[in-house]
Structure formats: C-alpha cells, structure tokens
There are 2 protein chains.
Amino acid sequence: MNNHATVNEILVRLFANILDIEEKCLKVGEFSDLSISEMHVIENIGYSDERTMSDTAKTLKVTSGTLTTAVDNLIKKGYVERRRSAEDRRVVKIRLTEKGKAAFKSHEDFHKDLVTSALQQLNSHEEEVLIKVLSDIDVFFNEKYNFV
Amino acid sequence: MNNHATVNEILVRLFANILDIEEKCLKVGEFSDLSISEMHVIENIGYSDERTMSDTAKTLKVTSGTLTTAVDNLIKKGYVERRRSAEDRRVVKIRLTEKGKAAFKSHEDFHKDLVTSALQQLNSHEEEVLIKVLSDIDVFFNEKYNFV
DNA sequence: TAAATATAATTTGATTATCAAAGTAATTGA
DNA sequence: TCAATTACTTTGATAATCAAATTATATTTA
C-alpha cells in the first residue's frame with residue numbers, strides 16, 4: 001500500500017518530466033517550427049505510408065475538424081501532403097513529405113535516445129522485468145478502460 | 001536494440017492511454033466542471049496547506065500570468081481561495097476550499113486506483129524491480145535533462 | 001432507379017490554455 | 001531615499017480543441 005503511493009508519486013513526476021523534456025528538446029532542435037501536437041500528428045502518419053483523415057483523427061483521439069486544421073498548417077509548413085482518394089472521392093489521404101519524414105525520423109531518434117538512456121541504467125534482468133511489466137500494464141489498461 | 005523499440009512503442013501507447021483515461025474519467029465523475037489542467041493546479045496546491053502563486057507557477061512550469069487566469073477560474077468555480085500575505089503584501093497565497101479538497105482527494109483516489117490496478121498484475125519481485133527501475137529513471141532524467 | 005440515409009471531410013463559431021510584454025504595487029538595498 | 005527588484009495581474013495575441021452546420025459523395029431501400 002505504501003509502495004503504491006511511491007509508484008504514484010514517481011509516475012506523476014516522471015510523466016510531467018518526460019512531457020517537458022520532449023517539448024523543450026523539440027524547441028531547440030531542427031524542427032522547432034513544430035509544436036508537440038503537430039509532431040504527434042506527424043508521428044501518427046509516419047508509421048504508415050499513407051493514412052486517411054478519419055483513421056488518423058481516430059487514433060489521435062481528436063475530432064476530424066481538429067485534424068483538418070492541424071493538417072492545413074502542416075501542409076503550409078511543408079511537412080504533409082493531402083490528396084483525394086480515387087476509389088472513394090469523399091476520402092482524403094495524407095502522407096509525409098520528405099521534410100515530414102525527416103522530422104519523423106528526428107523525433108523517433110529522440111525517443112530512442114530517451115529509452116536507451118533509461119535502459120542503460122538497468123541490468124539485463126531488470127530490463128526484462130521492465131518490459132514484461134510495461135506490456136502487462138499496457139494490456140491491462142486497454143482491457144480495463146476500453147470504454148475510453 | 002530490439003528491446004528498445006519495444007519499450008518505446010509501449011511507452012508511447014501507455015502515455016497516450018493514461019492521459020486519455022485520466023481525461024475521460026474526469027469528465028464522467030463528480031468534478032466534471034474541471035479540465036485536466038485545472039485538476040493539475042488543484043493537485044499541485046493540494047499537497048501543501050497553502051502555496052504562493054510564484055511557487056505554484058514554477059512547479060507547474062507555466063508563467064505566472066497563466067496561473068493567475070487559471071486561479072481566477074478555480075475561484076469562480078469554488079475550488080480555490082486567494083489571500084494576500086500579511087508579511088509581504090506582494091505575495092498572494094492560494095489554498096483549496098473544502099470543495100477543492102474533495103476534488104483533490106477524488107483525483108488522488110483515481111491515481112491510486114490506476115496504480116493499484118497496474119501493480120496487481122505483478123508479483124512482489126516484479127513490483128520491487130519496477131519501483132527501483134522507476135526511481136532510477138526518474139533520477140537519471142532529472143540529471144541528464146536538468147537544463148530543462 | 002430515385003429518394004433517403006449514411007459517411008468523410010471541411011467550415012464556422014466558440015472556448016480554453018498558453019505566452020510575452022506591459023503595468024501595478026510592495027520591498028530591498030545602495 | 002529612490003532605483004532596482006520582486007510578485008503578481010492585465011493585455012493582446014496565438015494554438016488547440018470541440019460541437020454543430022455544411023458540402024460532397026456513396027450506399028441503401030422502397
């Protein structure tokens with residue numbers, strides 16, 4: 001029970017810290033004209049070659065109106081391209097430009113670096129446990145709060 | 001190296017999920033007139049009996065102007081009280097009202113529940129490793145990114 | 001197959017969170 | 001004592017977001 005309070009405190013702090021580190025590092029890097037939420041849109045598109053607006057909005061958990069304006073801005077800044085689908089002309093497909101891909105890669109590298117730094121602190125047994133624990137928690141949250 | 005990619009993916013997903021769960025649970029609960037960021041202000045004040053505006057702004061990492069408007073709204077909604085310090089009349093002290101304390105407790109309980117749920121998945125050895133690992137990472141981030 | 005319904009995206013109008021810079025009032029220190 | 005500093009608030013601007021209305025297209029159904 002005491003442990004739970006500890007974990008809670010550490011998690012709250014870790015959470016705030018990570019968000020903060022991400023934001024500050026973005027602001028001093030090559031792609032500082034991107035906000036965190038714009039970077040999250042890029043991150044979301046970047047894992048696929050091409051995505052529809054509605055799928056992207058759904059996984060980002062924003063309304064399609066919100067995504068439309070976000071994508072408008074990313075297009076203006078040269079990170080994203082938009083085209084209408086030929087099969088279903090209601091559908092709009094978005095993909096990263098070369099600049100978008102570079103930003104995606106840079107953000108991925110930052111993430112990897114963060115994780116590598118963190119894992120370097122651990123011995124191989126701890127690393128194994130951490131991975132198991134994180135997967136378990138991930139699965140569990142998806143089940144328990146799947147109404148979300 | 002492969003592990004790092006796994007940890008990265010899980011963390012990104014876990015992060016998004018936790019933020020989302022927090023927001024959605026807040027919206028269906030008793031204190032649904034509070035936004036997440038308002039709840040974070042309450043959380044920050046709640047650990048102390050009374051805090052100054054500048055200390056609070058600093059730990060929340062927002063400007064004092066931002067905090068002033070946030071506190072204005074929290075006062076309007078009845079969660080926070082503000083008074084000028086007698087010792088130094090430039091200083092403004094804020095504290096939670098009874099309603100604010102109730103909201104704080106409710107949010108704490110939610111956090112505890114989340115952590116308890118997560119920890120239930122683990123045996124005691126795993127739990128121990130998790131706590132050590134989280135503390136190590138927390139300390140490490142504070143050192144590595146303390147420019148932030 | 002024409003009309004009704006559903007779907008995908010955008011636009012509109014609003015709110016909230018945020019910042020930087022300017023302003024106000026109180027305190028400190030040379 | 002008055003210039004500089006500090007603590008906070010106000011102002012004016014911008015980002016991100018939503019819900020609801022709108023437009024265009026596709027699907028279903030009578």
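Every chain is numbered from 1, with letters handed out A, B, ... down the list of sequences.
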Minimum-distance nucleotide to A:Arg90 side chain [options: D:dA16, D:dT25, C:dT18]: D:dT25

So does B:Ile131 get a backbone contact from the side chain of B:Ser135, meaning a donor-acceptor N/O pair under 3.5 Å? yes

Could you tell me whether the phosphate oxygens of D:dT9, OP1 or OP2, come under 4.0 Å of any side-chain nitrogen or oxygen in B:Thr68? yes

Measure the distance from CD1 on B:Ile36 to P on C:dT18 and round it to the nearest whole Å. 11 Å

Any base atoms under 4.0 Å from B:Ser64, or only sugar-phosphate, or nothing? Heavy atoms, all strands. base

Is there a Watson-Crick or G-U wobble partner for C:dT16 with both distances under 3.5 Å, and which nucleotide is it? none

Judged by modelled atom types alone, do B:Asn44 and B:Thr59 share a side-chain donor-acceptor pair under 3.5 Å? yes

Could you tell me how the ring of A:His125 sits relative to the ring of B:His125: parallel (under 30°), tilted (30 to 60°) or perpendicular (over 60°)? parallel

Return whichever of A:Val62 or B:Thr52 has its heavy-atom-nearest nucleotide of DNA chain D closer to the 5' end. B:Thr52

Expressed in angstrom and rounded to an integer, what is the separation of A:Leu67 atom CG from D:dA19 atom P? 15 Å

Atom CG of A:Asn73 to atom C1' of D:dA15: distance rounded to whole Å? 9 Å

Looking only at side-chain N and O atoms, does B:Thr69 come under 4.0 Å of OP1 or OP2 in C:dT18? no

Between A:Val91 and A:Gly65, which is nearer to the 5' end of DNA chain C once each is assigned its nearest nucleotide? A:Val91

Separation of atom CD in A:Glu23 from atom P in D:dA16, rounded to whole Å: 10 Å

Check whether any side-chain nitrogen or oxygen of A:Thr66 sits under 4.0 Å from OP1 or OP2 of D:dC18, and answer yes or no. yes

With a non-hydrogen cut-off below 4.0 angstrom, is B:Ser37 in contact with a base, only sugar-phosphate, or nothing? sugar-phosphate

Give a yes/no on whether any side-chain N or O of A:Arg82 is located under 4.0 angstrom from OP1 or OP2 of C:dT10. yes

Value in whole Å for how far the C1' atom of C:dT16 lies from CG of B:Leu60: 16 Å

Does the B:Lys99 side chain pair with the main chain of B:Lys77, one donor and one acceptor, at a distance under 3.5 Å? yes

Rounded to whole angstroms, how far apart are NZ on B:Lys58 and C1' on D:dC8? 16 Å

Which base, if any, makes a Watson-Crick or G-U wobble pair with D:dA15, both distances under 3.5 Å? none

Would a distance-only check, ignoring hydrogens and angles, find a side-chain to backbone donor-acceptor pair under 3.5 Å from A:Ser48 to A:Glu50? no

In this structure, how many angstroms lie between the P atom of C:dT16 and the CG atom of B:Leu34, rounded? 12 Å

Between A:Arg84 and A:Glu38, whichever has its closest DNA chain D nucleotide further toward 5' is A:Glu38

Does D:dA15 sit syn or anti, given that only angles within 90° of 0 count as syn? syn

Decide if the gap between the ring center of A:Tyr79 and the ring center of A:Phe104 is smaller than 6.0 angstrom. no

Distance, rounded to the nearest Å, where A:Met53 contributes CE and C:dT11 contributes C1': 12 Å

Is there a donor N/O on one and an acceptor N/O on the other, under 3.5 Å, for the side chain of A:Arg89 and the base of D:dT25? no

On the nucleotide C:dA17, are OP1 or OP2 found under 4.0 Å from the side-chain N or O atoms that B:Ser35 carries? yes

